[in-house]
Amino acid sequence: MDAQLDDKALESTLAESLADLVPDEKTVSEDEFVEVVGGALEAVGGTLLFKMCVQNEGEGQHVAAASVGAGGNRQFLLLTLPTGGGSLKVETVSRSSNPVAGIAAAYAGLMDAFKTAA
């Protein structure tokens, strides 16, 4: 990514690229979620940090955290998809109210420290 996109533009770009990839009315497996997220991140040069399946407000959802960019321009994203199907939500960590958002930057910092130590 040559220039840093603002949060809203980054979210919109990813959401548009994902519109046709996600099934609306069927249960989504973890493998299907990983495939969709991988394709989306490839389109913007992003890196998957971690993925998990959680309960949020009584609903099962797949959650993935990712980073886009490097150094001071690095941004963190949260991609969520209900396990029962529906639309994939893409948001920057800074704009997300999802409880998982808080660990994305910390996890990336930990991985950076491991790379430095290795």
Side-chain angles (χ1 to χ4, degrees):
M1 212 156 92
D2 294 331
Q4 182 178 10
L5 295 173
D6 68 21
D7 289 354
K8 193 68 179 163
L10 185 57
E11 290 172 9
S12 296
T13 300
L14 274 171
E16 288 170 15
S17 70
L18 295 168
D20 297 329
L21 296 175
V22 181
D24 284 336
E25 300 296 329
K26 73 176 194 82
T27 301
V28 180
S29 73
E30 185 175 357
D31 288 343
E32 289 170 317
F33 178 66
V34 169
E35 186 176 324
V36 169
V37 167
L41 293 176
E42 188 176 313
V44 295
T47 303
L48 179 66
L49 298 172
F50 62 84
K51 62 178 174 47
M52 61 178 67
C53 191
V54 299
Q55 290 289 317
N56 188 16
E57 297 178 8
E59 175 184 62
Q61 65 180 199
H62 296 289
V63 180
S67 66
V68 177
N73 289 332
R74 182 161 65 172
Q75 293 176 288
F76 299 102
L77 301 172
L78 204 63
L79 300 93
T80 56
L81 179 66
T83 56
S87 58
L88 181 68
K89 183 176 182 181
V90 179
E91 56 191 345
T92 55
V93 166
S94 61
R95 293 166 48 97
S96 177
S97 61
N98 190 302
V100 177
I103 63 174
Y107 181 87
L110 182 61
M111 292 302 98
D112 290 346
F114 282 150
K115 286 180 190 173
T116 302

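Here the structure is a predicted model, which is why all the values come from computation and not from measurement.
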Closest non-hydrogen atom pair between Arg95 and Glu91, with its separation = O-OE1, 4.2 Å
Closest approach of Leu41 and Ala66, non-hydrogen atoms and distance?
->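 Residues Leu41 and Ala66, closest heavy atoms: CD2-CB, 3.5 Å.
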Are Leu78 and Val54 connected in a single hydrophobic cluster, I mean Ile/Leu/Val/Met/Phe/Trp/Tyr linked by side-chain heavy atoms less than 4.5 Å apart?
->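 Linked, Val54 and Leu78 end up in one cluster.
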Treat each ILVMFWY residue as a node, draw an edge where side-chain heavy atoms are under 4.5 Å apart, and state whether Leu110 and Met52 are in one component.
-> yes
Going by heavy atoms in the side chains, are Val100 and Tyr107 under 4.5 Å from each other?
->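 Answer no - side chains too far apart.
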Step by step, would you call Val36 with Leu81 a side-chain contact (heavy atoms from CB on, under 4.5 Å)?
-> CA-CA 10 Å; Val36 169; Leu81 179 66; 5.9 Å; no
Judged by modelled atom types alone, do Gln61 and Asn98 share a side-chain donor-acceptor pair under 3.5 Å?
-> yes
Sort out for me which residue in Leu77, Leu48, Val93, Thr47 forms a side chain to side chain contact (heavy atoms under 4.5 Å, CB included) with Ser67.
-> Thr47
What is the distance from atom OG1 of Thr83 to atom CD of Glu59, rounded to the nearest 0.5 Å?
->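 One finds 7.0 Å between OG1 of Thr83 and CD of Glu59.
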Main-chain N/O of Ala101 paired with Ser96 side-chain donor or acceptor, under 3.5 Å | no
Return each pair, listed once, that meets ring pair (Phe, Tyr, Trp, His ring centres under 6.0 Å) where at least one residue sits in residues 54-90; pairs must be two or more places apart or across chains.
-> Phe33-His62
